Amino acid sequence: GVDCGADSRMCCRQEFFVDFKEIGWEDWIIQPEGYHMNYCAGLCPLHMAGIPGLAASFHTAVLNRIKAASAAAAVDSCCVPTQRRPLSLLYYDRDSNIVKTDIPDMIVDSCGCT
Amino acid sequence: GAKAAWCPACGVASLAPGAQRDALLALAKQSILAKLRLPGRPGVPQPPSRAALRSALRRMRAQRSDTPGMLRDGPGLQEYEVLSFAEAGSSTSRSVHLHFRFSQEVAGSTEIQQATLYLFWASPGRGAQPVTVRLLRQDPNMTVASETRLEVQRPGWTTLDIGAAVRSLFGETPRLTVELEVPEDWGSPLPPDHSDSHWPFVVAQARARTRHRVQRR
């Protein structure tokens with residue numbers, strides 16, 4: 001997958017870190033110090049459909065040009081997560097018990113076009 | 001400016017950077033609380049003493065190495081491990097009530113896979129000493145849900161598997177009351193105060209309930 005740059009327009013992964021201290025949650029969340037709430041953004045014209053991230057080879061680029069010239073190129077596909085991992089949290093619950101849990105699929109590692 | 005102020009993928013006016021950041025932070029909070037099944041962030045916690053916490057984590061690690069594979073990974077279901085320190089309740093010269101409070105969110109949406117009670121005996125009398133551990137229901141008569149008799153031979157930690165009793169009790173309420181009864185000449189079965197590193201605690205492993213699928217023809 002591709003990480004978004006300043007001027008990315010095509011499908012890519014936008015990094016976004018939530019610092020628990022910044023939102024005042026550091027008193028009840030023991031670990032970690034923050035949450036990587038990355039998300040997917042950008043265009044997915046049809047000729048990029050089904051390819052995670054940008055074209056990776058000359059052959060793919062040529063194939064893309066052919067697809068782009070086709071009549072159906074007007075339809076877009078969607079920029080979605082292609083790899084995700086759990087968020088492990090250690091926190092105090094309302095009764096000050098210590099709870100450890102792994103929340104599945106909370107962190108986006110890469111994005112691609114459907 | 002040169003770059004159109006619109007979202008390239010959805011074609012609507014994009015948020016101003018500050019507003020976008022606030023929206024994303026709000027989304028992060030909402031997403032984490034929803035996954036933890038919490039209506040809002042918990043109040044400021046009363047953390048356990050460092051000594052008690054360090055001692056409990058050490059015991060848990062020792063117990064885990066003694067019984068590997070205690071909790072096999074479930075099929076992608078969210079799993080919880082809860083460490084709960086006792087609150088001292090009513091007591092007599094030879095017995096004491098210990099209260100453990102689990103959150104409704106965890107107890108209500110998970111299945112308890114394993115629960116272990118950790119008790120420390122500072123100075124039992126000579127020879128094998130009979131100790132009775134009862135799990136009581138939360139009804140007005142505090143009826144006994146389960147009773148176990150231990151033979152304490154020497155000072156140290158004792159662990160008791162209370163998984164089955166906790167599963168049956170959690171059906172009513174996520175509260176647990178344990179009654180400890182020791183020989184008359186022992187004195188109080190509890191350490192002198194809550195910050196002691198030998199304070200009793202319970203460790204429970206729980207797994208999110210599988211979503212029931214109803215097949216209809």
Side-chain angles (χ1 to χ4, degrees), chain A residues 4 6-12 14-20 22-30 32 34-45 48 76-80 84-108 111 113, chain B residues 2-3 7-11 14 20-21 24-29 31-48 53 56-57 60 73-74 76-85 87 99-106 110 174-175 201-208:
Chain A
C4 297
D7 290 327
S8 300
R9 289 167 47 81
M10 308 314 270
C11 178
C12 56
Q14 181 61 57
E15 292 218 338
F16 185 79
F17 181 69
V18 180
D19 184 332
F20 290 139
E22 179 185 347
I23 60 174
W25 277 14
E26 79 284 1
D27 58 340
W28 71 279
I29 294 186
I30 307 165
Y35 162 38
H36 288 275
M37 190 177 83
N38 310 323
Y39 58 91
C40 300
L43 294 172
C44 270
M48 277 187 55
D76 280 1
S77 71
C78 299
C79 181
V80 295
R84 294 186 292 183
R85 61 188 150 95
L87 169 63
S88 290
L89 279 182
L90 188 67
Y91 65 94
Y92 289 111
D93 70 7
R94 293 190 287 176
D95 299 298
S96 297
N97 298 316
I98 295 172
V99 184
K100 177 185 177 300
T101 188
D102 297 338
I103 307 175
D105 295 338
M106 279 291 271
I107 299 175
V108 174
C111 301
C113 293
Chain B
K3 189 174 164 229
C7 164
C10 46
S14 60
Q20 183 177 10
R21 181 166 184 75
L24 284 170
L25 291 179
L27 185 63
K29 288 181 178 180
S31 170
I32 290 176
L33 290 175
K35 296 285 182 153
L36 296 181
R37 298 178 178 84
L38 293 174
R41 59 143 290 168
V44 179
Q46 281 80 37
L53 184 52
L57 293 175
M60 285 166 67
D73 279 343
L77 295 171
Q78 191 166 342
E79 292 173 352
Y80 295 81
E81 191 160 27
V82 184
L83 168 55
S84 182
F85 285 94
E87 284 175 25
H99 301 295
F100 298 91
R101 300 189 303 167
F102 291 84
S103 67
Q104 185 59 48
E105 291 78 27
V106 173
T110 62
R175 298 283 184 259
F201 62 95
V202 164
V203 176
Q205 278 94 14
R207 181 174 294 150

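In the text below, chain A, chain B and the rest are named by the order of the sequence lines, each starting its count at 1. These values consider heavy atoms only, across backbone and side chains, with no hydrogens, waters or symmetry-generated copies. Note that the coordinates shown come from a computational prediction; the quantities given were computed from them, not determined experimentally.
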> Closest approach of V99(A) and Y80(B), non-hydrogen atoms and distance?
Replying inline: CG1-CD2, 3.8 Å
> What part of L27(B) gets closer than 4.5 Å to chain A, counting heavy atoms only: side chain, backbone, both or neither?
Replying inline: both
> In terms of heavy-atom proximity below 4.5 Å to chain A, should P39(B) be classed as side chain, backbone, both, or neither?
Replying inline: side chain
> Of the backbone (N, CA, C, O) and the side chain (C-beta and beyond), which part of D102(A) lies under 4.5 Å from a heavy atom of chain B, both, or neither?
Replying inline: backbone
>> side-chain contact (heavy atoms from CB on, under 4.5 Å) for I98(A) and L53(B)? Distances and angles first, verdict last.
In response: CA-CA 10 Å; I98(A) 295 172; L53(B) 184 52; 3.3 Å; yes
>> Apply side-chain contact (heavy atoms from CB on, under 4.5 Å) to residues F16(A) and L25(B) and explain how you reach the verdict.
In response: CA-CA 9 Å; F16(A) 185 79; L25(B) 291 179; 4.1 Å; yes
>> Set out, in order, the CA-CA distance, both residues' side-chain angles and the distance that settles side-chain contact (heavy atoms from CB on, under 4.5 Å) for M106(A) and I32(B), then state yes or no.
In response: CA-CA 9 Å; M106(A) 279 291 271; I32(B) 290 176; 4.0 Å; yes
> If only atom types and distance count, is the side chain of S96(A) paired as donor or acceptor with the main-chain N or O of Q46(B) below 3.5 Å?
Replying inline: yes
> Do you know which of Y91(A), W28(A), Y92(A) has the most heavy-atom pairs under 4.5 Å to chain B?
Replying inline: W28(A)
>> Tell me which of these, D105(A), I30(A), L87(A), N97(A), has more heavy-atom pairs under 4.5 Å with chain B than the rest.
In response: N97(A)
> side chain to side chain contact (heavy atoms under 4.5 Å, CB included) with C12(A): which residues, sequence neighbours excluded?
Replying inline: V2(A), C4(A), S8(A)
> Is the shortest side-chain N to carboxylate O distance from R41(B) to D27(A) below 4.0 Å?
Replying inline: yes
> Looking at T101(A), L89(A), I103(A), which hits side-chain contact (heavy atoms from CB on, under 4.5 Å) with K35(B)?
Replying inline: I103(A)
> Atom CE in M60(B), atom NZ in K100(A): separation rounded to 0.5 Å?
Replying inline: 9.5 Å
> Among L38(B), V202(B), V203(B), L36(B), which residue forms the greatest number of heavy-atom pairs with chain A at distances under 4.5 Å?
Replying inline: L36(B)
> Is D93(A) close to P42(B) at the side-chain level, that is, under 4.5 Å between some pair of heavy atoms?
Replying inline: no
